[in-house]
Amino acid sequence: MTDYFRSLSTLSSLLESEDQTVRISSGEAAALLFETKNSFQSENSNTNEEDLIEQLRRLALEAGGKGQANKKVQRSSFKEILSIVEVLG
């Protein structure tokens with residue numbers, strides 16, 4: 001189970017990256033982790049998962065501005081990732 005929590009923590013940190021590709025890849029990895037979480041399941045995982053889901057929600061709603069086309073790609077990617085995670089979570 002510690003690998004699961006370590007992975008959540010690492011992905012959470014990577015979701016804050018300045019690099020959009022890193023953020024999107026981290027979100028995709030989070031979705032994959034949620035898909036396989038049954039093998040890691042425990043009662044203590046809910047808090048870490050909720051924090052990660054909040055980060056995914058924030059990235060899915062992040063406003064445009066400078067690099068607005070990139071933000072559109074990011075919002076689209078994270079909306080899809082979030083929908084997967086919410087169904088599996």
Side-chain angles (χ1 to χ4, degrees):
M1 183 50 82
T2 59
D3 288 338
Y4 178 75
F5 291 122
R6 195 172 321 134
S7 297
L8 282 179
S9 177
T10 299
L11 290 171
S12 181
S13 297
L14 292 172
L15 287 170
E16 299 298 325
S17 173
E18 293 293 321
D19 186 324
Q20 179 188 27
T21 305
V22 172
R23 290 191 306 268
I24 292 172
S25 296
S26 300
E28 291 170 349
L32 179 61
L33 187 62
F34 273 80
E35 283 185 50
T36 60
K37 81 174 187 173
N38 289 335
S39 61
F40 301 105
Q41 194 74 32
S42 94
E43 301 83 34
N44 297 330
S45 65
N46 288 339
T47 300
N48 291 333
E49 289 174 3
E50 290 170 10
D51 291 344
L52 187 67
I53 289 170
E54 280 305 312
Q55 282 184 290
L56 294 173
R57 279 191 186 114
R58 183 180 48 77
L59 289 166
L61 298 173
E62 197 166 85
K66 186 177 179 183
Q68 189 167 357
N70 288 340
K71 294 293 185 181
K72 185 176 182 178
V73 169
Q74 175 180 306
R75 283 191 306 271
S76 175
S77 295
F78 279 100
K79 283 179 183 177
E80 184 177 337
I81 291 165
L82 184 61
S83 68
I84 293 167
V85 168
E86 287 179 331
V87 167
L88 296 172

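Throughout, residue positions are numbered sequentially from 1 according to the sequence presented.
- For the atom pair Lys79 NZ and Ile84 CD1, the distance stands at 15.0 Å (nearest 0.5 Å).
- At least one side-chain heavy atom of Phe34 sits under 4.5 Å from a side-chain heavy atom of Leu52.
- Interatomic distance, CG of Leu15 versus OG1 of Thr10, reported as 11.0 Å (0.5 Å rounding).
- For the salt bridge (Lys or Arg N to Asp or Glu O under 4.0 Å) test, residues two or more places apart in sequence or in another chain that qualify with Glu16 are Arg58.
- Applying the side-chain hydrogen bond (donor to acceptor under 3.5 Å, both in side chains) rule to Ser12 yields the partners Gln55; only residues at least two apart in sequence or on another chain are considered.
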Could you pull out every donor-acceptor pair under 3.5 Å between side chains of residues 23-33 and any protein atom, sequence neighbours left out?
| from | atom 1 | to | atom 2 | distance (Å) |
| --- | --- | --- | --- | --- |
| Arg23 | NE | Gln74 | OE1 | 2.8 |
| Arg23 | NH1 | Ser17 | O | 2.8 |
| Arg23 | NH1 | Glu18 | O | 3.1 |
| Arg23 | NH2 | Gln74 | OE1 | 2.5 |
| Ser25 | OG | Thr21 | O | 2.9 |
| Ser26 | OG | Val22 | O | 2.7 |

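- A salt bridge between Glu80 and Arg75 is absent, with no side-chain N of the basic residue lying under 4.0 Å from a carboxylate O of the acidic one.
- Atoms CZ and CG, from Arg6 and Leu8 in turn, are 11.5 Å apart once rounded to the nearest 0.5 Å.
- Rounding to the nearest 0.5 Å gives a distance of 12.0 Å between OG of Ser77 and CG of Leu82.
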